[in-house]
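Only this structure's heavy atoms are used, side chains among them; waters, hydrogens and symmetry mates stay out. Quick note on labels: first sequence line is chain A, next is B, and so on, each numbered from 1. Model, not experiment: these values are computed from the prediction.
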Protein chains: 2
Amino acid sequence: MSYKIFTPQNLQDYLYGYENIKEFFEGEELQVQEIGDGNLNFVFRAKSKKNPQKSLIIKQAVPYLRCAGEDYPLSKERMSFEIRALKEYENLAPSYAPKVYLDDEEMSLVVMQDLNNHIILRKGLIQGKIYPNFSEQISTFLANTLFYTSSLYLQSYEKRDMMERFNKNSELCKLTEDFVFTFPYMEHETNVVEEMNKELSNRLFSDMEFKKEVLKLKYLFMTKSDALLHGDLHTGSIMVNEKETYVIDPEFAFFGPFGFDIGALIANLASSYISHTVQNGNEDYREWILNTIEEIWQKFEKKFLSLWSRQKESALLTYGFIDEKTLKEYQKEFMKDILKESAGFAGCKMARRVFGIAGVEEIRGIKDDSLRKKAQKISLSTGVALVKNREKIENIKDLTTIIRKCDEWTI
Amino acid sequence: MSYKIFTPQNLQDYLYGYENIKEFFEGEELQVQEIGDGNLNFVFRAKSKKNPQKSLIIKQAVPYLRCAGEDYPLSKERMSFEIRALKEYENLAPSYAPKVYLDDEEMSLVVMQDLNNHIILRKGLIQGKIYPNFSEQISTFLANTLFYTSSLYLQSYEKRDMMERFNKNSELCKLTEDFVFTFPYMEHETNVVEEMNKELSNRLFSDMEFKKEVLKLKYLFMTKSDALLHGDLHTGSIMVNEKETYVIDPEFAFFGPFGFDIGALIANLASSYISHTVQNGNEDYREWILNTIEEIWQKFEKKFLSLWSRQKESALLTYGFIDEKTLKEYQKEFMKDILKESAGFAGCKMARRVFGIAGVEEIRGIKDDSLRKKAQKISLSTGVALVKNREKIENIKDLTTIIRKCDEWTI
């Protein structure tokens, strides 16, 4: 069947062409509803009319930017990368990614588990909810997906084979290059700069020391192929409840630097910390956020190193090449480099949310002008501080100290 | 036509199926001779019987390692990467790569200009020949091929498109990973360690500080995708005469770190310097070699920066993002990083030639045992010194000083 755009009316026929979907719903009639508020895609929920607790999510990419309309073309092939990443996750971190029931690259469509007992982590953080298992679970997701797709685990040809399936995600990589590493730090039509922030934006746009460091990070993003990244791992790409964590929407997946996913996560937790700080939020909650950042790193590092210690042969290592003591030193330096890089990427990810096209609700959504202005200034200067000071970071406490001192930084 | 292995007897029929080849030879009868002493491929020269000055070279890959026989399979698709690289060179550095008359990926075969007025640079260096244009020409080759295939010139999607054509050169990348970065520094059946060198090899194999640095360089080789590399740019892959320079045999071509080709070249010039030093060669000639290394870097840097200064928009740069002064600082640091990296790769390339499977004639070919032993010790310790001291290198003189002091280093 050649590509067509589905509607709630014609989805059931298509879905029931697949035995496993029909079985899932026991052949009952479906109620299909469009539920997406996404910027890029159409998202539907299909429910059994008889057993409404039986439901699946259908996500279809259209050949344009959904939020902007057909005049803004964006190739629908981006869905192929999401599908391929979800399939890798099924192998590498099955508890932390939605189960895929059907994938159809031709239709740019995927059918997956309905996470209807979960909410978007960003929303939960805004509401001040604590997720006691989150750091444990997301650190496993990070350790598994990053380690098992890297040259520390794979053989050389296996890694190149896997890269082949993600190399051409050029369009979405370009979005990141533009909207994370470029436009938000210069005069650009896509930026959102309120009148009250003109002075701040002028200072940012002329901070050449910062921009030089951003170029270095952008260059890393474009050329350092450590592992398969989610590519957009902010708190809006994570669904949680008190027990579980799911990573969704990996359409930006590509082979990039280890620190980019970790950095995205740290940035978005830091945004939440700043949002609560500015709004005189609960002290314990703010501490929980900082603890969560620290635990994510510590657990990630421990798990990553544990996987590594079991892998005696890989593209990088040949058994007998190096002694245990030296390998340990090498690994220690390696992890420290990932941490520094993560801090840099976190800084960009925070800073870009202030004036860039895509804001985050916990900052840009603050209603009170003076509080919003304050939150923006602090987010920006903390982001800039992370970028500029990343090379001095020796451990995760150094990083969280930068966030903790968020209202002391200036740009 | 499906793949078949050609012989001198049946090549003319195949070649004359192509009009441009027939025209080149004016339809005259051909004399075809196998001339290759290569390890990997078959190489033929086809000459017009009537006008023997009219000749072309035919190179065909066979699905095994030619020097070892059919029991050592090696996929013939490697020729596709050589063909694709030669075609890039025709665009990017047409004066410095053989003209391609016919390429046939199906047959793993390429027909190209016969460089019969040129000799392999390695041989010329052994004979103590001076090539006055060499640094000028090879630096242009390096600047053009590296700059124009990087994110400093290409747009993001253009680079990913180009990478797609080279990504799967896994087999030859693996050869480099094994034979440049691994086996020559450990007990391995493929090594060639003479009895007289046992003590030296033991010292090398247990130099964990060195091996840790080698791992870092190997990791860069595997994950840093700066630009399209030749991938094997030693002095045996370059043909010269007093006027001209040609780069041949780019079958190892892939996207890797800027410093790898530059490092290979420096390593092989340094080998030649050491060979002449040990054999009490002409002082002026040795100075010419060191000058050549310095000039290659200086000219490369100047040309690379000049191309860069003309390119206002690329994957990395957006017009107006950064001011000229800051860009200059960024570029200065960028070039210094390439130099350090080149020194590291040069060190590996020198060290691996001592005990690794593939020696170089100017060192391993020294007849006198004690001189050969001395040359090997000096090559090895200079290579190790380059690797260990690369981060301290600030300019090319620092690098050539390490080579000049070659007999002072110990491991």
Side-chain angles (χ1 to χ4, degrees), chain A residues 150-152 155-161 163-164 167-171 173-178 181-183 185-188 205-206 208-209 211-216 218-220 222-227 254-255 257-258 315-323 325-327 329-330 333-334 337, chain B residues 150-152 155-161 163-164 167-171 173-174 176-178 181-183 185-188 205-206 208-209 211-216 218-227 254-255 257-258 315-323 325-327 329-330 333-334 337:
Chain A
S150 76
S151 303
L152 312 178
Q155 286 293 339
S156 186
Y157 68 92
E158 293 172 324
K159 182 154 176 237
R160 286 178 183 275
D161 281 355
M163 285 177 74
E164 187 93 342
N167 178 47
K168 290 293 279 291
N169 201 357
S170 314
E171 233 173 2
C173 284
K174 170 80 172 145
L175 285 183
T176 303
E177 287 155 26
D178 287 344
F181 294 106
T182 310
F183 300 157
Y185 317 123
M186 64 188 287
E187 292 289 351
H188 198 272
F205 297 169
S206 57
M208 292 298 154
E209 187 198 336
K211 289 164 89 160
K212 190 171 80 176
E213 297 306 314
V214 170
L215 275 192
K216 292 182 191 168
K218 183 179 182 185
Y219 192 78
L220 277 186
M222 296 192 301
T223 59
K224 188 165 180 271
S225 309
D226 287 326
F254 81 111
F255 272 75
F258 282 129
L316 182 69
L317 281 179
T318 298
Y319 188 75
F321 180 76
I322 202 161
D323 65 24
K325 178 171 158 287
T326 313
L327 180 59
E329 287 167 21
Y330 174 79
E333 293 174 37
F334 197 97
D337 285 342
Chain B
S150 77
S151 303
L152 311 177
Q155 285 294 339
S156 186
Y157 69 93
E158 293 172 324
K159 180 151 178 238
R160 286 178 183 275
D161 281 356
M163 284 177 74
E164 187 93 342
N167 178 47
K168 291 294 279 291
N169 201 357
S170 313
E171 233 172 3
C173 285
K174 171 78 172 144
T176 303
E177 288 155 26
D178 287 344
F181 294 106
T182 310
F183 300 157
Y185 317 122
M186 64 189 287
E187 292 289 350
H188 198 272
F205 298 169
S206 58
M208 292 298 154
E209 187 199 336
K211 288 164 90 162
K212 190 171 80 174
E213 297 306 314
V214 170
L215 275 192
K216 291 182 191 169
K218 183 179 182 186
Y219 192 78
L220 277 187
F221 176 84
M222 296 193 301
T223 58
K224 189 166 181 271
S225 309
D226 287 326
F254 81 113
F255 272 75
F258 282 128
L316 182 69
L317 281 180
T318 297
Y319 188 74
F321 180 75
I322 202 162
D323 65 23
K325 177 171 159 285
T326 314
L327 180 58
E329 287 166 21
Y330 174 80
E333 292 174 36
F334 197 97
D337 285 343

Practice task
Report the option among A:Ala227, A:Cys173, A:Pro257 that has the most heavy-atom pairs separated by less than 4.5 Å from atoms of chain B.
Solution key: A:Cys173
Exercise for the section: Please indicate whether A:Glu209 has more than 12 foreign heavy atoms, meaning atoms of other residues, nucleotides or ligands, lying under 6.0 Å from its CD. Expected result: no
Completion exercise
Applying a strict 4.5 Å limit to non-hydrogen atoms, the region of B:Glu213 in contact with chain A is neither
Practice task
Let me know if A:Phe181 has heavy atoms under 4.5 Å from chain B in its side chain, its backbone, both or neither.
Solution key: backbone
Practice task
Taking the six-membered ring of B:Phe321 (Phe, Tyr or Trp), confirm whether the NZ or CZ of A:Lys211 is under 6.0 Å from its centre and within 45° of its axis.
Solution key: yes
Completion exercise
CE of B:Met163 to OG of A:Ser170, rounded to nearest 0.5 Å, is 10.0 Å
Practice task
Please step through side chain to side chain contact (heavy atoms under 4.5 Å, CB included) for the pair B:Leu316 and A:Glu177, ending with a clear verdict.
Solution key: CA-CA 8 Å; B:Leu316 182 69; A:Glu177 287 155 26; over 6 Å; no
Practice task
Kindly assign one of parallel, tilted or perpendicular to the pair A:Tyr219 and B:Phe334, based on the angle between their ring planes and the thresholds 30° and 60°.
Solution key: perpendicular
Fill in the blank from the handout: Minimal heavy-atom distance between B:Ser151 and A:Met222, with the atoms involved, is CB-CE, 3.8 Å
Exercise for the section: Can you measure from CE (A:Met186) to CD1 (B:Ile322) and round to the nearest 0.5 angstrom? Expected result: 10.5 Å
Fill in the blank from the handout: Whatever's closer than 4.5 Å to a heavy atom in chain A on B:Glu333 counts as side chain
Problem - Rounded distance [0.5 Å steps], NZ in A:Lys212 versus CD in B:Glu329 - result: 4.5 Å
Practice task
Tell me, for B:Lys159 versus chain A, whether the close heavy atoms (under 4.5 Å) come from the side chain, the backbone, both or neither.
Solution key: side chain
Practice task
Please look at B:Glu164 and chain A and tell me whether the side chain, the backbone, both or neither of the residue comes under 4.5 angstrom of a heavy atom of that chain.
Solution key: both
Exercise for the section: Pick one of side chain, backbone, both or neither for B:Leu152, based on which atoms fall under 4.5 Å of a heavy atom in chain A. Expected result: side chain
